[in-house]
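Computed from heavy atoms alone, side chains included, the values below leave out hydrogens, waters and symmetry copies.
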Amino acid sequence: MKLSTEMDTFEKYESNVRSYSRSFPTIFEKSKGFKLWGRNGREYIDFFAGAGALNYGHNEPLMKELLIKYIEDDGLTHSLDMGTVAKEDFLNILQESILMPRKLGYKVMFTGPTGTNSVESALKIARKVTGRTNVMSFTNSFHGMSIGSLSVSSNLNKRKGAGTPLNYSFFLPYEGYMEGFCSITYLEKILTDSGSGVDIPAAIIVETVQGEGGLHTASVEWLKKLSDICNRFKIMLILDEVQTGCGRLGTFFSFENSGIYPDMVCMSKSISGYGLPMAITLIKPEHDQWLPGEHNGTFRGNNLAFITGSAAITKYWTDKLFENSIINKGKLLTTLLENLIQKYPKLHGERRGRGLMQGIYFPQSELADKISYTAFENGLVCETSGANSDVLKILPPLIISSEALMKGLEIIEYSIEKNI
């Protein structure tokens, strides 16, 4: 007779497609701030943050209070794209506290509730406005799991899941993909050479840090050159900020310090502030050429997410205190990772990423997965990324304390020692 285990219900009834419950095999019962608790009472430091959906931590007090009050007052939960008080407040707060101070004159489109919905809408409007079909993206990119988003994502295993050809996309080498190779020079050449066989695309979609692709990071100079080429050839530049936005890299938008002004910005995950489903696409007004209802969805009006999203912006983004704290903790994380890499030189580890989205690349097969598993056994939730799961990815809530950050790194060091 087979003995029962904690995960039996999920093994028995849930689809094989589940993944995170395999990586972190326990039943979670409670969460607060940067900590999780299993049903067995075990406490975990969170270096995962809902894959970036919980930048402000679990059950953030102000958001929870306002959310409960809104529900108790019988505020609308579902409203499609109708006007509600909650949506009006969110739009005004987003404009006044985020977009206007950064001189970003975007229109706000509410798409279906996940990041891939935002990407799909951006691809559609780029094709509609330009009259072109193809879209360029980059090696090690990831933009979502629906067909359009998957067509501009490079991971072969994820692409195979589509079960159909993924067309109208062209992949460019991301910065640093090939030593000594300049992808910007290559891009400019194929766009100007009539013998390249490459049509001018409708759009180029890019991440400033490739979250699922292994934390490869674009430099300011590279992004500026990419933006310049898009402007010259009238190509839509789409910034995928689904995981890098809402302060993950320090500033609210990860591209702020580059000085570029993308045609569209895709956001989801932490835009709701509380882990509630919500996605938006920011569109330059001249590109907002939708007909009413031309792109819609039943769940594009999540008023609960509007309440918590407004609270997140009001509490954390009306001055520089929160932003500065992220930058300082990002510097601390960089130092801790560099010290760890120097302490174990035979691993040939490589620090990647920036802000509070960093990690270590390990060239040894399966080492990152083993470290992640050992860390979980010792009270730390920390996933891997990269095409071969070869990067240990550190993605804590932005409100995490410096002490907890250091404690988490101690668990990672212990896990390294156990697996070498």
Side-chain angles (χ1 to χ4, degrees), residues 7 11 16-26 44-49 51-52 137-143 145 150 153-162 166 171-181 183 207 209-218 243 333-334 336-354 356-396 408-420:
M7 305 303 288
E11 290 282 348
N16 287 329
V17 78
R18 68 192 185 282
S19 60
Y20 289 118
S21 61
R22 300 178 193 273
S23 299
F24 311 119
T26 196
Y44 299 88
I45 296 173
D46 187 2
F47 271 17
F48 178 55
S137 57
F138 292 91
T139 52
N140 291 308
S141 59
F142 179 74
H143 300 289
M145 296 299 286
L150 201 55
S153 299
S154 66
N155 186 287
L156 291 179
N157 290 328
K158 290 183 170 64
R159 290 173 66 86
K160 286 178 183 176
L166 298 171
F171 290 93
L172 298 163
Y174 195 75
E175 184 178 19
Y177 182 74
M178 299 169 61
E179 187 175 352
F181 180 87
S183 53
E207 305 155 272
V209 176
Q210 296 183 314
E212 297 304 306
L215 302 182
H216 303 283
T217 304
Q243 193 165 93
L333 179 56
T334 298
L336 293 171
L337 291 175
E338 294 286 5
N339 290 343
L340 199 56
I341 289 168
Q342 291 174 15
K343 189 171 180 179
Y344 299 93
K346 70 178 183 180
L347 296 179
H348 303 288
E350 174 191 327
R351 186 189 64 80
R352 291 184 181 173
R354 63 185 176 96
L356 287 178
M357 186 177 181
Q358 298 191 53
I360 303 176
Y361 162 71
F362 295 101
Q364 299 88 345
S365 175
E366 299 183 352
L367 181 57
D369 277 329
K370 291 176 181 177
I371 293 169
S372 173
Y373 184 77
T374 303
F376 180 70
E377 288 184 319
N378 288 274
L380 180 71
V381 178
C382 186
E383 72 163 335
T384 61
S385 73
N388 301 305
S389 295
D390 46 16
V391 177
L392 188 72
K393 183 180 179 184
I394 298 170
L395 201 76
L409 265 293
E410 290 174 5
I411 295 174
I412 288 174
E413 180 173 0
Y414 173 83
S415 303
I416 289 173
E417 290 177 343
K418 285 291 183 179
N419 286 284
I420 60 174

Open item on the list: Quick one: does any side-chain atom of S385 pair with a main-chain N or O of G213 as donor and acceptor, under 3.5 Å?
Closed with: no
TODO: Indicate whether the side chain of S23 and that of E383 have a donor and an acceptor atom separated by less than 3.5 Å.
DONE: no
TODO: Working to the nearest 0.5 Å, report the span between CD of Q243 and CZ of F142.
DONE: 9.5 Å
Task: Under 3.5 Å side-chain donor-acceptor pair for Y344 and E413 - done: yes
Open item on the list: Please determine whether the number of non-hydrogen atoms from other residues, nucleotides or ligands lying under 6.0 Å from atom CZ of F171 exceeds 12.
Closed with: yes
Task: Test salt bridge (charged side-chain N to carboxylate O under 4.0 Å, His left out) applied to K158 and E212, step by step - done: CA-CA 11 Å; K158 290 183 170 64; E212 297 304 306; 5.1 Å; no
TODO: May I ask you to decide if D390's main-chain N or O and T384's side chain share a donor-acceptor pair within less than 3.5 Å?
DONE: no
Open item on the list: Has S183 got a side-chain atom pairing as donor or acceptor with F181's backbone, closer than 3.5 angstrom?
Closed with: no
Task: Backbone of A375 reached by a side-chain donor or acceptor of S415 within 3.5 Å - done: yes
Open item on the list: Would you compute the distance between atom CZ of F47 and atom CD1 of I411 and round it to the nearest 0.5 angstrom?
Closed with: 7.5 Å
Open item on the list: So, taking the atom named CD1 in I360 and the one named CD in Q358, what distance separates them when rounded to the nearest 0.5 Å?
Closed with: 9.5 Å
Task: From CG (L409) to CD1 (I394), nearest 0.5 Å - done: 5.0 Å
Open item on the list: Could you check whether F48 and Y20 have their ring centres less than 6.0 Å apart?
Closed with: yes
Open item on the list: Working to the nearest 0.5 angstrom, can you tell me the gap between T139 OG1 and N155 CG?
Closed with: 12.0 Å
Task: R351 side, atom CZ; E338 side, atom CD - distance, nearest 0.5 Å - done: 5.0 Å
TODO: Would you please classify the geometry between the F376 ring and the F24 ring as parallel, tilted or perpendicular, with 30° and 60° separating the classes?
DONE: tilted
- [ ] Could you tell me whether the side chain of R159 and the main chain of S154 form a donor-acceptor pair under 3.5 Å?
- [x] no
